[in-house]
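In listed order, ligands and their atoms are each counted from 1.
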Amino acid sequence: MKLYNTLTRSLEAFEPLNPPNVTLYTCGPTVYDYTHIGHMRTYVNNDVLKRTLIFSGYKVKHVMNITDVGHLTGDDDRGEDKLEKGAKKTGRSVWDTAKFYTDFFFKTTDALNIIPPDITCRATDHIKEMLQLIGELEKKGLTYKTKEAVYFDTSKFASYGKLSGQKLSEKLKGARDDVYLDPGKKHPTDFALWFFRVGRFKDHTMHWNSPWGDGFPGWHIECSTMSMKYLGETIDIHTGGVDHIPLHHENEIAQSEGATGKLFVRFWFHNNFLMVDNQKMSKSLNNFYTLDDLKKHKIEPLAIRYLFLQSHYRQLMNFTWESATSAQEGLNKLKNIVLDLKKEKTSAKNSAENYFTKRFNDALSNDLQTSQAVAVMWEMLKTNLSSKQKLEQLFEFDKVFGLNLEKTSEEKIPREIIQLVEERKIARQNKDFKKSDELRKKIKSLGYSIEDIKNNNYKIKRN
Ligand code: AMP
Ligand code: ZN
């Protein structure tokens, strides 16, 4: 299987360190606000990666963190802690805020049929381990202390910048100096490992004792700590959004490799953004949509999953309600096909089956070309394979797509629709075709279509 590795900026053949086991770490959400479908593009694509690995016979151990402390509004140590900000907004405690939005996150990932990680771990449950790691870095001479924080000294880590392909000197030039900076900070690229409860943080709710003083962890240290604790010092794959490349992941590498002297991550897998009108869908731009918005627009969460499958994870993707609606229509069509195939009973064998499996595998093995895999599925459904073979093949493909097709069942048609259809039947019997046509249009606008079969009988389907 070939995967694009951000570290080497090239497509590489993926082989885990200890086959058939694969160690996979995902940067989880910062739980201070509602999860939106922009986040979900990243988590669905990570799930497709994980499912593809499982489909290919690997045993995946998957860990994801929950950030519930230390992530400031500016990723580069500017601003305030997002959790404190969220708590102020909701009027709840920081702990309740974290719990509320964590629950919402998992409600969303469940709705999108994302397989939960084997281990989900909260930053606030790992303070002791984080302090140990900071201690290691201190012993190696990679840290310094100011009145405000303990910092990682990026000038002491020779390969700082290797993930984003920028030398430290370039990074320094790019770093913003028009914002508040700790006067004791030596280089703008240095980042906090531990903040003290002083100055702008003097009222910080979450705080712990440490050998350096009372305070709370910086954002990056949690992922180094939890990745190494649960998966070992060197792991196979680490995932996140492309926004994590220049700071968060660069800093995770500095912390982990600075402490162990070993390679931290073999493959860095980064997802590109879901956009709205050429801007990243984000909480800060207030251009985001949640599960509730999908419901209002009568779009199933799995239709959004189907929509995401149609673009490559490294490409930007623009979200529109039109595209969501056509994804819903596509999903409805698929479900109707499943129901029809279940009713048919042909069983003749045809050798084309392996041909599609091979093409499906080829598409996914080529850096997860999901849209090609979807095209292979539609092609397969149009062949003369028996219905039994088609269903088997479709359910096999769906182990990666995750559209829950096997669970498709005849849905209950609402009474309102049945009544309209009955009225239309009477209109047709009376040869009132104008009325019958109007009723068909009305039924269509409510999301259903009628297929006439013989003797004034009909089938009702979702559009
Ligand atoms: P956060 O909770 O902000 O730390 O984000 C959680 C994950 O969602 C990160 O991996 C982000 O890169 C990703 N993410 C946030 N917004 C988007 C977006 N519009 N499109 C794709 N991924 C996103
Ligand atoms: Zn992380």
His270 and His249: side chain donor to acceptor below 3.5 Å: yes
Asp118 and Tyr230 side chains, donor-acceptor separation under 3.5 Å: no
Neighbour count above 12 (heavy atom, 6.0 Å) for Arg314 CZ: yes
Whether over 12 other heavy atoms sit under 6.0 Å from Lys162 NZ: yes
Residue His249, metal the Zn ion (ligand 2), N/O/S under 2.8 Å: no
His244 near the Zn ion (ligand 2) via N/O/S, less than 2.8 Å: no
Starting from [atom], locate the nearest protein heavy atom and write down its residue, its atom name and how far away it is, to 0.1 Å.
atom                    : result
atom 16 (N) of ligand 1 : Lys280 CE, 3.4 Å
atom 3 (O) of ligand 1  : His39 NE2, 4.1 Å
atom 7 (C) of ligand 1  : Tyr43 OH, 3.4 Å
atom 20 (N) of ligand 1 : Leu274 N, 2.8 Å

Quick check on contacts: which atoms of ligand 1 are under 4.0 angstrom from a heavy atom of [X]?
X      : value
Pro29  : 2 (O)
Asn272 : 21 (C)
Met281 : 16 (N), 18 (C), 19 (N)
Phe273 : 18 (C), 20 (N), 21 (C)

CA sep, side-chain torsions, deciding dist, call: Lys296, Asp292, salt bridge (charged side-chain N to carboxylate O under 4.0 Å, His left out): CA-CA 6 Å; Lys296 273 182 222 145; Asp292 295 341; over 6 Å; no
His238 ring center within less than 6.0 Å of Tyr25 ring center: yes
Ring centre gap for His36 and His39 strictly below 6.0 Å: yes
Geometry at the Zn ion (ligand 2) - Glu252 OE2 versus His248 NE2 angle, rounded to 10 degrees: 70°
Proximity winner for atom 4 (O) of ligand 1, if only heavy atoms of Ile37, Thr30, Thr42 are counted: Thr30
From Gly38, Gly241, Gly240 - option closest to atom 23 (C) of ligand 1 by heavy atom: Gly38
Carboxylate-amine/guanidinium contact Glu379 Lys382, below 4.0 Å: no
Charged N-O contact under 4.0 Å between Asp81 and Lys85: no
Tyr313 and Phe269 aromatic ring geometry - parallel, tilted or perpendicular at 30°/60° bounds: parallel
Residue-ligand contact Asp243/ligand 1, heavy atom below 4.0 Å: yes
His244, portion touching ligand 1 at heavy-atom distance under 4.0 Å: side chain
